[in-house]
J.: 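The structure's right below; bear with me while I get my questions together.
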Number of protein chains: 2
Amino acid sequence: MFVLDYRSKLPIYEQLQTQMLKLIVGGVLKENDQLPAVRTLAMELGVNPNTVQKAYAECERVGMIVSVTGKGSFVSNPAVSMQLYMREKFKELRNLIQESLEYGLEPSMIIDAVSAWCEKGEWDYDPTQISH
Amino acid sequence: MFVLDYRSKLPIYEQLQTQMLKLIVGGVLKENDQLPAVRTLAMELGVNPNTVQKAYAECERVGMIVSVTGKGSFVSNPAVSMQLYMREKFKELRNLIQESLEYGLEPSMIIDAVSAWCEKGEWDYDPTQISH
DNA sequence: TGTATTGTATTATTGTAAATAATACATTAA
DNA sequence: TTAATGTATTATTTACAATAATACAATACA
């Protein structure tokens, strides 16, 4: 369920947190679903329990999951996670576009690209590529 | 010319590299402009010469600048940097949109937001915010 | 020709944060 | 009571950025 990239610059606990968010937003994990126990997941992934604990703690802090000593950790209302995900993505998108414009990229170029990808699904569309 | 954020998670040499790219793309640094000497810039910024050297070396590796022992470091063709910058930004933008769609964000929501920001300059536009 | 300035390379050391290791404690369920 | 769970603590290890201190190589210039 969780997969790690050990070559990534991102810390393991952040990777776990990100994956948790995607699993919830993507509907793989549903409300009240029980998550693997800290020690169990640590074993499966071959990492230290403290690392998993750190990820779970952060997920709980932002309201993605709820942990209860003796019972386990459970997915909380996915709407919370969806909200988190959307805010995060739109913030990234806004910052990216803002910076791109500051450094001379044409608004029309951006709009055209976003349309091609977003509406037409033309993922091959590349505004930096000259067509031959 | 170069400014560092010592609280940033990004290493100093990466910050320098990013700033170099922006200075070139933004036209502040023009073709064949001589850059500060490694030791000089290190002094100015209060960092180790090795750190500046690492940044310059990476900038040269990707073709942003050219360094010659005994002479100095110079800005190479800005078109190279612009190409690098555009490719990088559009790649980020594409990945961001692709992922957002995979996790349920509506294409129209993205298009609307990009239009508001990009064409109308409405940077306050926030699709995740309910208006009152 | 020498001297200073420049880029480049090397080795050792330090500082920081992630990750591990090893426990211990608290709560819950069976 | 026992086992499984989350939580907390302290110490250690590891990786990497950054520093420190040199040394070498190429160029410019007086």
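A note on names: the letters A, B, ... follow the listed sequences, proteins ahead of strands, and every chain is numbered from 1. Every heavy atom of this structure was used, including side-chain atoms; hydrogens, water molecules and symmetry mates were not.
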J.: What is the separation between atom CD1 on B/I12 and atom P on C/dT14, rounded to the nearest whole Å?
T.: 19 Å

J.: Considering heavy-atom distances to DNA chain C, does A/G70 or A/E14 have its closest nucleotide positioned more toward the 5' end?
T.: A/E14

J.: 5'-most contact on DNA chain D: A/R39 or B/L10, nearest heavy atom basis?
T.: A/R39

J.: From CG of B/L45 over to P of D/dA18, roughly how many Å is that when rounded to an integer?
T.: 12 Å

J.: What's the closest nucleotide to the B/A37 side chain, out of D/dT5, C/dG7, C/dA18?
T.: C/dG7

J.: For B/D5 and D/dA17, give me the distance from atom CG to atom C1', rounded to whole Å.
T.: 15 Å

J.: Report yes or no: do A/Y85 and B/E99 form a side-chain donor-acceptor pair below 3.5 Å?
T.: yes

J.: Starting from C1' on D/dT5, measure out to CE on A/M43 and report it in whole angstrom.
T.: 16 Å

J.: If the test is side-chain hydrogen bond (donor to acceptor under 3.5 Å, both in side chains), which one of A/Q83, A/K89, A/R87 qualifies with B/T128?
T.: A/R87

J.: Quick one: is C/dA19 close enough that its OP1 or OP2 comes under 4.0 Å of any side-chain N or O from A/K54?
T.: no

J.: Between A/V62 and A/Y13, is there a shared hydrophobic cluster once you connect ILVMFWY residues whose side-chain heavy atoms come closer than 4.5 Å?
T.: no

J.: Can you check the B/Q53 CD to D/dT19 P distance for me, whole Å?
T.: 14 Å

J.: Within the pair B/Y13 and D/dA18, is there a side-chain N or O less than 4.0 Å away from OP1 or OP2?
T.: no

J.: What is the distance from CG of B/N50 to P of C/dT13, rounded to the nearest Å?
T.: 16 Å

J.: Taking the side chain of B/V68 as its heavy atoms from C-beta onward, which of D/dT27, D/dT5, C/dT28 lies nearest to it?
T.: D/dT27

J.: Determine: side-chain N/O of A/S73 to OP1/OP2 of D/dT5, distance under 4.0 Å, yes or no.
T.: no

J.: Do any side-chain nitrogens or oxygens of B/T51 fall under 4.0 Å of OP1 or OP2 in D/dT19?
T.: yes

J.: Does the salt bridge (Lys or Arg N to Asp or Glu O under 4.0 Å) test come out yes or no for A/E14 and A/K54, once each step is laid out?
T.: CA-CA 9 Å; A/E14 279 190 24; A/K54 188 169 184 180; over 6 Å; no

J.: Reckon A/E60 touches a base, only the sugar-phosphate, or nothing at all at heavy-atom distances under 4.0 Å?
T.: sugar-phosphate

J.: Output, in order, the C-alpha distance, side-chain angles, deciding distance and verdict of salt bridge (Lys or Arg N to Asp or Glu O under 4.0 Å) for B/E88 and B/R94.
T.: CA-CA 10 Å; B/E88 176 63 24; B/R94 203 192 85 143; over 6 Å; no

J.: Roughly, in whole Å, what's the span from CD in A/Q15 to C1' in C/dA19?
T.: 13 Å

J.: Taking 4.0 Å as the cut-off, does a side-chain nitrogen or oxygen of B/S67 come that near to OP1 or OP2 on C/dT6?
T.: no

J.: Report the nucleotide, chosen from C/dA19, C/dT8, C/dT28, that has the shortest atom-to-atom distance to any side-chain atom of A/K71.
T.: C/dT28

J.: Can you check the A/F74 CZ to C/dT28 P distance for me, whole Å?
T.: 12 Å

